[in-house]
Amino acid sequence: MYHNPVLLKETVDGLNIKPDGVYVDVTFGGGGHSKEILSRLGAEGRLFAFDQDLDALANAIDDSRFVLINENFRYVKRFLRFHGIKQVDGVLADFGVSSHQFDVAERGFSTRFEAKLDMRMNQENALSAYQVINTYEEEQLRQVFAQYGELRAAPAMARLIVEHREKEFISTSTQLKQVLKQFLAPRFENKILAQIYQAIRIEVNQEIEALKDFLEQMPELLVEKGRLSLISYHSLEDRLVKRFIRNGLFEGEPERDMFGNFEVPLKKVGGLIMPTKDEIKINNRARSAKLRIAEKA
C-alpha cells in the first residue's frame with residue numbers, strides 16, 4: 001500500500017503552478033503528489049513522472065496530460081528530451097524510501113521483517129544488500145557504515161561482518177542482526193539498526209550520487225523563475241540540497257568577484273518547512289521530513 005504523501009499541500013504550493021506549465025514529479029511512488037499537481041493544471045498543462053521501482057507502475061494515472069517514465073531520476077534530462085522537453089516550470093522530489101517499499105517484507109528495506117538482504121529500489125539492479133554485505137572488502141564496508149550511516153562503531157562492525165562471512169554468508173536480515181547484536185543495546189536497537197539499514201540502502205541504490213547528478217541538472221532544466229520543491233529525510237541528503245541551493249556546489253565555496261559577490265543558479269524561497277504534529281500523528285513517515293523550495297534565479 002502507498003500511504004499519504006508527505007507535506008502534500010506545502011510541496012505542491014511551492015511549485016507555484018501555472019495551469020499551462022510543464023512539471024516533473026521525479027519520485028512518483030503512489031502518485032499522491034502527481035494527482036495534486038494534475039488537479040491544479042489546465043488542459044494545456046503537462047506532467048512527467050519518474051520512478052525506477054516496477055511496483056510504482058501499477059499506480060500510473062489515466063490522464064492525457066500525464067506520462068510515467070520507469071527510470072532513475074538521475075537521468076531526468078535525458079529522458080525528458082525523448083519526449084521533446086528541454087525545460088520545465090517546476091520539479092518535485094520526495095527522496096528516500098516509499099512507505100510501500102518499507103511495508104513489503106521481501107523487498108528487505110524494513111528492520112521489522114525477516115527478509116533476504118535486498119534493498120534495491122530498482123529490482124533489476126545487479127547490486128543488492130546481499131552483495132554489499134558479502135563481497136565488499138572490510139575497508140569498503142567501514143566507509144559505507146561511517147559515511148552513510150554515521151556510525152561510530154563502523155570499523156568494528158565491518159571487521160565482524162568480514163570475520164563471520166568467512167564461515168558462512170550473511171543472507172537475511174535476521175542473520176545480519178545476529179552478527180551485529182553486540183552493537184544493538186536494547187535501548188538504542190531501533191536507532192542503530194535504522195542507521196545500519198540506511199547506510200546499506202544508500203550504497204545499494206547509489207542514492208548520494210543520484211541526488212548530486214539530479215541537482216546538477218536543475219539549473220539548466222528549469223525555466224527562469226522555475227521552481228524546485230525537495231523533501232529530504234536524513235541529514236546527508238538535506239545538507240547536499242541546502243548547500244546546492246545556497247551556492248550551487250556540494251563542497252567548497254563559489255568564486256567571488258572583486259567585491260566578494262558570487263552568482264548562484266538558484267535562490268531559496270522561504271525557509272525550511274517541516275510537518276506539523278498533526279501530520280506526523282497521521283503519517284509517522286513524515287517525522288523526519290524537511291522541505292526546501294528554490295527558484296531559478
Side-chain angles (χ1 to χ4, degrees), residues 1-6 8 11-12 15 21-39 41 45-110 116 118-131 201-218 220-222 228-233 237 285:
M1 179 185 170
Y2 285 83
H3 292 216
N4 298 332
V6 172
L8 176 62
T11 312
V12 180
L15 293 175
V22 179
Y23 294 88
V24 190
D25 174 357
V26 297
T27 48
F28 178 68
H33 287 117
S34 282
K35 284 173 191 156
E36 182 63 25
I37 293 170
L38 285 167
S39 76
L41 286 176
R46 297 183 76 189
L47 173 63
F48 293 86
F50 283 71
D51 206 303
Q52 61 181 325
D53 190 334
L54 294 169
D55 289 359
L57 301 185
N59 303 316
I61 301 163
D62 185 15
D63 189 311
S64 60
R65 302 168 298 168
F66 176 78
V67 176
L68 178 55
I69 299 165
N70 181 210
E71 281 295 340
N72 189 313
F73 59 64
R74 74 193 300 177
Y75 308 120
V76 60
K77 245 170 47 176
R78 184 195 304 176
F79 283 92
L80 286 175
R81 282 221 183 101
F82 288 163
H83 293 272
I85 303 294
K86 288 187 177 169
Q87 285 197 303
V88 301
D89 296 286
V91 178
L92 179 151
D94 180 359
F95 303 120
V97 186
S98 73
S99 302
H100 169 79
Q101 288 166 331
F102 273 130
D103 291 344
V104 177
E106 57 269 27
R107 299 292 296 273
F109 285 103
S110 176
K116 284 185 181 168
D118 191 334
M119 300 194 206
R120 291 172 298 170
M121 289 178 179
N122 177 349
Q123 298 96 318
E124 295 178 344
N125 273 358
L127 185 66
S128 71
Y130 178 86
Q131 265 86 31
R201 190 199 81 222
I202 288 173
E203 177 65 19
V204 166
N205 297 290
Q206 300 292 294
E207 290 176 40
I208 299 301
E209 290 84 351
L211 175 57
K212 287 179 176 177
D213 287 352
F214 162 77
L215 288 171
E216 283 171 341
Q217 295 170 70
M218 290 304 103
E220 202 181 318
L221 184 62
L222 289 168
L228 261 184
S229 236
L230 307 174
I231 304 175
S232 307
Y233 291 88
E237 282 172 345
R285 181 175 175 250

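Contact between Asn59 and Gly30 at its shortest, heavy atoms only, is ND2-CA, 3.6 Å. Shortest non-hydrogen contact noted between Pro5 and His33 is CB-CE1, 3.6 Å. When every heavy atom of Leu221 is checked against every heavy atom of Lys86, the shortest pair comes out as CD1-O, 3.6 Å. Gly31 and Ile61 get closest at one heavy-atom pair: O-CD1, 4.2 Å. Nearest heavy atom pair, residue Ile69 against residue Phe79, reads CG2-CB, 4.1 Å. For the residue pair Glu237 and Ser232, the shortest heavy atom distance occurs at OE1-CA, 3.6 Å.
Checked by atom type and distance alone, the side chain of Gln131 never pairs as donor or acceptor with a backbone atom of Leu127 at under 3.5 Å. Remark: the backbone N or O of Asp51 is paired with a side-chain donor or acceptor of Asn70 at under 3.5 angstrom. A distance-only check finds a donor-acceptor pair linking the side chain of Gln87 to the backbone of Leu222 [under 3.5 Å]. Judged by distance alone, with hydrogens and angles left aside, the side-chain atoms of Gln123 form a donor-acceptor pair with the main-chain N or O of Leu54 at under 3.5 Å. Asp89 places no side-chain N or O within 3.5 Å of a backbone atom of Tyr23 that could act as its donor or acceptor partner. A donor-acceptor pair is defined here as one N or O able to donate and one able to accept, closer than 3.5 Å; no such pair exists between the side chain of Glu216 and the backbone of Asp213.
Between Phe73 and Phe214, the ring centre distance stays below 6.0 Å. The aromatic ring centres of Phe28 and Phe66 sit less than 6.0 Å apart.
In this structure, Gln217 CD and Tyr75 OH are separated by 10.0 Å, a value rounded to the nearest 0.5 Å. In this structure, CG in Leu228 is found 6.0 Å from CE in Met218, a value given to the nearest 0.5 Å. In this structure, CG on Leu68 lies 9.5 Å from CZ on Phe50, to the nearest 0.5 angstrom. With rounding to the nearest 0.5 Å, the separation of CG in Asn205 from CG in Leu211 is 13.0 Å.
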Exercise for review: Run the numbers on Asp118 and Tyr130 for side-chain contact (heavy atoms from CB on, under 4.5 Å), then give the verdict.
Suggested key: CA-CA 6 Å; Asp118 191 334; Tyr130 178 86; over 6 Å; no
Check your understanding: How far apart are the C-alpha atoms of Leu15 and Leu92, what are their side-chain angles, what is the distance that settles it, and do they pass the side-chain contact (heavy atoms from CB on, under 4.5 Å) test?
Key -> CA-CA 8 Å; Leu15 293 175; Leu92 179 151; 4.1 Å; yes
Review point. Would Asn122 and Asn72 count as a side-chain contact (heavy atoms from CB on, under 4.5 Å) if you check the C-alpha gap in whole Å, the side-chain angles of each, and the deciding distance to 0.1 Å?
Key: CA-CA 8 Å; Asn122 177 349; Asn72 189 313; over 6 Å; no
Practice item. Start with the C-alpha distance between Leu215 and Leu230, add both sets of side-chain angles, then the distance that settles side-chain contact (heavy atoms from CB on, under 4.5 Å), and finish with yes or no. Key: CA-CA 10 Å; Leu215 288 171; Leu230 307 174; 3.8 Å; yes
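Using a 4.5 Å heavy-atom threshold, the side chains of Arg46 and Leu41 count as separate. In this structure, Glu124 and Gln52 have side chains that are not in contact, with every pair of non-hydrogen atoms separated by 4.5 Å or more.
Ion pair Arg65/Asp63 flagged as a salt bridge, since at least one NZ, NE, NH1 or NH2 atom sits closer than 4.0 Å to an Asp/Glu carboxylate oxygen. Salt bridge absent: Glu209 and Arg74 never bring a charged side-chain N and a carboxylate O closer than 4.0 Å.
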